[in-house]
Amino acid sequence: MSKPKNVWKIFFKDKKHGGHRCSSEEFLSLEAREKLFHLDGGKTLLDFGCGSAELLTYYALEYEQLVGVDFSPSMLEEASKRIEKKKCQNINLILADHETLWKNLDSSFDRITAAGVIQYLTFQEIDTFIFEASKYLNKDGKIVFFDILDSRLYPLWKIGVFSRDTNVFKILCKIGFEFRTMISASFKNRPKDILGFSHNPYTIEKIANKHGFKMTYVQSMYYEYKYHAIMRKT
Ligand SMILES: C[S@@+](CC[C@H](N)C(=O)[O-])C[C@H]1O[C@@H](n2cnc3c(N)ncnc32)[C@H](O)[C@@H]1O
């Protein structure tokens, strides 16, 4: 059964949080610190799929001007509240998706980033995203996709291989459970996995190279089954 075009838009339309491993400010600030390390400077930043600005408000402490983009009205509503609470006057929010975003921009950026978002795009959509993003990237800029689901590690994480108290019986139960969830989602025409698609880093690298970027990838510090793709123009 094929994925309806708006399946993720529908899924996120009333969601309010980015689904971080822990929602405490202490954890979010550590996650943001790791990401800021990889972003490594710049003055202006575009955060695609900013969600409720859980990371963006931390980035705002290090950048002069920021734009957060998301296609979920409820996420942006939460983002506005958070931005006001944290008194971040340097953030603008735009309601748009990976296709409509570009016509809403009137400036280019030193950093274009997306955290936990790329898994909701197909390879073709990622290809087009990088192509469009490169037109809005300043000289020496970087595109950084954080927390992409690694297709080699994600299945192992799903069946509990990384859990502290795992054993063969638990793994077999999880495989059965995952299989049942996938079948039932197929019948209901829902996403088979609410975390989206996993992508092999070498395939993302191929797309990046095609558009003139050199890509390095590093393991995510806080999610053992995710990686970050860091792209710089060659
Ligand atoms: C897992 S959340 C991560 C949110 C945020 N980046 C963070 O780390 O807290 C994924 C976000 O991407 C947004 N999103 C997914 N696909 C999108 C698309 N095609 N266009 C715009 N936003 C999208 C969702 O609405 C959601 O807010």
Side-chain angles (χ1 to χ4, degrees), residues 3-36 38-39 45-60 63 66-83 85-86 88 91-105 111-133 136 143-150 154 190-191 193-199 220-223 225-229:
K3 169 177 92 88
K5 191 167 170 16
N6 287 332
V7 69
W8 296 117
K9 215 174 238 181
I10 295 164
F11 176 77
F12 279 109
K13 78 176 191 325
D14 54 1
K15 300 283 179 294
K16 295 185 169 185
H17 300 287
H20 295 265
R21 179 162 273 174
C22 176
S23 57
S24 72
E25 288 301 327
E26 189 189 357
F27 180 78
L28 291 173
S29 81
L30 285 173
E31 236 201 272
R33 204 181 303 168
E34 182 213 0
K35 287 167 167 76
L36 284 164
H38 292 300
L39 287 168
L45 178 144
L46 169 76
D47 189 21
F48 171 67
C50 64
S52 53
E54 284 160 295
L55 296 171
L56 188 58
T57 44
Y58 284 102
Y59 300 163
Y63 286 83
L66 306 94
V67 173
V69 177
D70 207 286
F71 66 6
S72 161
S74 57
M75 284 285 200
L76 285 193
E77 203 179 309
E78 289 302 308
S80 292
K81 287 186 208 157
R82 186 174 166 87
I83 288 167
K85 192 169 153 206
K86 298 235 167 201
C88 301
I91 303 179
N92 287 321
L93 296 175
I94 298 177
L95 179 69
D97 64 20
H98 56 284
E99 286 170 343
T100 56
L101 148 68
W102 312 109
K103 67 174 190 306
N104 283 292
L105 299 178
R111 300 290 180 266
I112 296 181
T113 183
V117 187
I118 288 315
Q119 65 257 40
Y120 301 110
L121 302 185
T122 61
F123 282 120
Q124 186 49 53
E125 288 166 341
I126 296 171
D127 189 314
T128 311
F129 185 92
I130 295 177
F131 173 70
E132 292 294 341
Y136 290 88
I143 300 176
V144 187
F145 293 157
F146 290 115
D147 294 322
I148 303 176
L149 299 177
D150 191 328
Y154 184 53
R190 286 212 199 111
D193 184 336
I194 60 159
L195 288 194
F197 311 107
S198 53
H199 295 308
S220 168
M221 218 169 139
Y222 295 102
Y223 303 90
Y225 54 97
K226 295 181 179 179
Y227 66 94
H228 310 316

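This chain uses plain numbering: 1 for the first residue, then up along the sequence. Only this structure's heavy atoms are used, side chains among them; waters, hydrogens and symmetry mates stay out. All values reported here derive from a predicted model rather than from experimental measurement. Note that ligands are numbered from 1 as they come in the structure, with each ligand's atoms numbered from 1 the same way.
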Student: Strictly under 4.0 angstrom, heavy-atom based: which residues surround ligand 1?
Tutor: Phe12, Gly18, His20, Phe48, Gly49, Cys50, Gly51, Glu54, Leu55, Asp70, Phe71, Ser72, Met75, Ala96, Asp97, His98, Ala115, Gly116, Val117, Tyr120, Leu121

Student: Of the non-hydrogen atoms in Ile143 and Ala133, which two are nearest, and what is the gap between them?
Tutor: CD1-CB, 3.7 Å

Student: Where do Leu36 and Tyr58 come nearest, in terms of heavy atoms and distance?
Tutor: CD1-O, 4.2 Å

Student: Measure the shortest side-chain to side-chain distance between Leu195 and Tyr154 over non-hydrogen atoms and say whether it is less than 4.5 angstrom.
Tutor: yes

Student: Thinking salt bridges, do Glu54 and Lys35 make one under a 4.0 Å N-O criterion?
Tutor: no

Student: Can you name the closest pair of heavy atoms from Thr113 and Tyr59 and give their distance?
Tutor: CG2-CE1, 4.2 Å

Student: Which salt bridge (charged side-chain N to carboxylate O under 4.0 Å, His left out) pairs, counting each pair once, include a residue from residues 12-24, with sequence neighbours left out?
Tutor: Arg21-Glu224

